[in-house]
S.K.: 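If you scroll down you'll find the structure; I have some questions about it.
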Amino acid sequence: MGKNLSITTISLLLVLASTNTQQIFDVKSYGAQPNADITQALTNAWKAACAVAGSKVVISEGAYKLGLVTLLGPCKGAIEFNLQGTLQAPLDVAAFNGKDGWVIFERIDGLTVSGGGVFDGKGQQAWQKNECGEDKNCNLLPINIRFNYITNSIVQDITSKDSKFFHINLLECKKLQFQHVTITAPADSPNTDGIHIEHSSQINITNANIGTGDDCISIGDGTQDITANQVTCGPGHGISIGSLGKYQNEQPVLGIRVTGATLSNTNNGVRIKTWPSSPSGVASDIHFEDVVMNNVANPIIIDQNYCPNNQCSNQSPSKVKISNVSFKKIRGTSSTKEAVSLICSKSVPCQQVVLSNIDLAYKGGGGFATSTCANVQPAVSGTQNPPACTIKV
Ligand SMILES: *[C@@H]1O[C@H](CO)[C@@H](O)[C@H](O)[C@H]1NC(C)=O
Ligand SMILES: *[C@@H]1O[C@H](CO)[C@@H](O)[C@H](O)[C@H]1NC(C)=O
C-alpha cells in the first residue's frame, strides 16, 4: 500500500514537473502591445521559445497587427503557439512582396496551435484584385496560415477569417490533426479555400466549421491517409478531391475518408475533379460516407472535364485514373436536378465506383432529380434516389 502510494505520488510529481517545465514566452515581454504591429515581437519570442525544449508562445487577448512571419523550426522540443487574441494582416497585398503566405509555420515537429484566437486576413481589398478566375497562371496571393513540413502536431480551437487567398494550406506535412477549427469568409470571396492539403499524409480533421467562398476542404496531389470527420461546410464549393491533372508529375491521391459531414447551401457536395488534356495520374481509395446535403447544387460529382472559365485549349480526355470510390448514405436535398453526376474520362474510365443508400431530393419545380453517368458503371446497393445512371452520356 505504502509502496503503491509512493509510486503514485512520484508519477504525479513527474507529471506536474513535466507540465511545469513548459516555459512561457509572452509576446508582451518582447514589446507587443494591443493595436500595434507585433511582427518583430513575435519573431523574437518565437526564436527564444524555439531554442528551448517544451515552450509556449502566448499572444493574449486583444487585436494586433502582424506582417508576414515565418515561424521556423526545427525547435529544441515541442512548442505551442497559443493565440488568444486577434491577429490582423496588412490590407495591402504589396506588404507581402509577392510572398504567398502570411503566417507560415515551417519545419516543426511537435507543434500545437491553440488558444481560441483569430487569424484575420483582411482580404476585402485583395479579393477585388484577384485575377485567378480568368488566368490560371495568376500571381498567388497570401494564404492566411501555411503549414510546411510540420509533423506530429495538432491545431485546435482557432479561427481563420477573411483570408486573401486559401485560408489554411498544408505542404509536406505528416501526422497533423485539426480539431475545432473555424473558417469564415463571404460566399463571394474568390479562391478562399478552407483547408487545402497537398504532399501530405496521416492528416485528420474533426469538428471543423467552414464557411467560405471556395472549396471547404480541397485535397491536392501527393496525399495519403486523410480523414475528415464531422465537418460542417457552407457557404462554399464543397469538399473536393482535386483539381488534379493540371501540372506535370503529380503524385497519387490515396486513402481519403470523409465521414459525417454536413453541407449547406454549397455549390457542390462531395466532388472529384480532374482537368482534361492532363498527364496521367491516380486517385484511388476515396470514400464519402454519412453525408447530409442541405440545398446543395451537384451533391455527388465526379468531373473529369473540369475546366473553369474555359481555360483549356484543344481538349483531350483526362488521364487521371479514378478507382475504388464509394458514396454511401448520402442524403438530403439538391438545389439542382443534377443530384448525381459521374462524368469519368473516356481514356481511363472510372473503376470500382460504389453508390449505396443515396437519397437526394430535388426541391425545385419542373421535374425530378437525375443521375448522370459517363464512362463509369457504378455498383449500386440500398436506396437509390435518384435511380443510378438515369442519364447515360
Ligand atoms: C487522428 O489522429 C490521431 C493521432 O494521429 C489518431 O489517434 C486518431 O485515430 C486519428 N483519427 C482518425 C479518425 O483517423
Ligand atoms: C478499396 O478501398 C478499400 C476501403 O478503403 C480498401 O480496403 C481496399 O484496399 C481498396 N482496394 C483497392 C484495390 O485499392
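Both ligands and their constituent atoms are indexed starting at 1 by order of listing.
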S.K.: Mind checking salt bridge (Lys or Arg N to Asp or Glu O under 4.0 Å) for Asp120 and listing every partner two or more places apart, or none if nothing turns up?
M.R.: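 Lys122, Lys161.
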S.K.: Put together the list of close N/O pairs, under 3.5 Å, between ligand 2 and the protein, could you?
M.R.:
unit_1   : atom_1 : unit_2 : atom_2 : d
ligand 2 : 2 (O)  : Asp285 : OD1    : 3.0
ligand 2 : 2 (O)  : His287 : NE2    : 3.2
ligand 2 : 2 (O)  : Asn324 : OD1    : 3.3
ligand 2 : 2 (O)  : Asn324 : ND2    : 2.4
ligand 2 : 5 (O)  : Arg257 : NH2    : 2.3
ligand 2 : 5 (O)  : Asp285 : OD1    : 2.6
ligand 2 : 5 (O)  : His287 : NE2    : 3.2
ligand 2 : 11 (N) : Asn324 : ND2    : 2.7
ligand 2 : 14 (O) : Asn324 : ND2    : 3.3

S.K.: How many angstroms lie between atom CD of Gln304 and atom CD1 of Ile322, to the nearest 0.5 angstrom?
M.R.: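 One finds 3.5 Å between CD of Gln304 and CD1 of Ile322.
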S.K.: Please check if atom CD in Glu61 has more than 12 non-hydrogen atoms from other residues, nucleotides or ligands closer than 6.0 Å.
M.R.: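 At most 12 heavy atoms, drawn from other residues, nucleotides or ligands, come within 6.0 Å of this atom.
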S.K.: Spell out, yes or no, whether Ile104 and Leu171 are grouped together once hydrophobic residues are joined by side-chain heavy atoms under 4.5 Å, including indirect joins.
M.R.: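 Each belongs to a different hydrophobic cluster.
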S.K.: Centre-to-centre under 6.0 Å for Phe368 and Tyr362, is that the case here?
M.R.: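 Not close enough - the centres of the two rings lie 6.0 Å or further apart.
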S.K.: Any non-hydrogen side-chain atom of Arg271 less than 4.5 Å from a side-chain atom of Ile300?
M.R.: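 When only atoms from C-beta onward are counted, Ile300 and Arg271 do not touch, as no gap falls below 4.5 Å.
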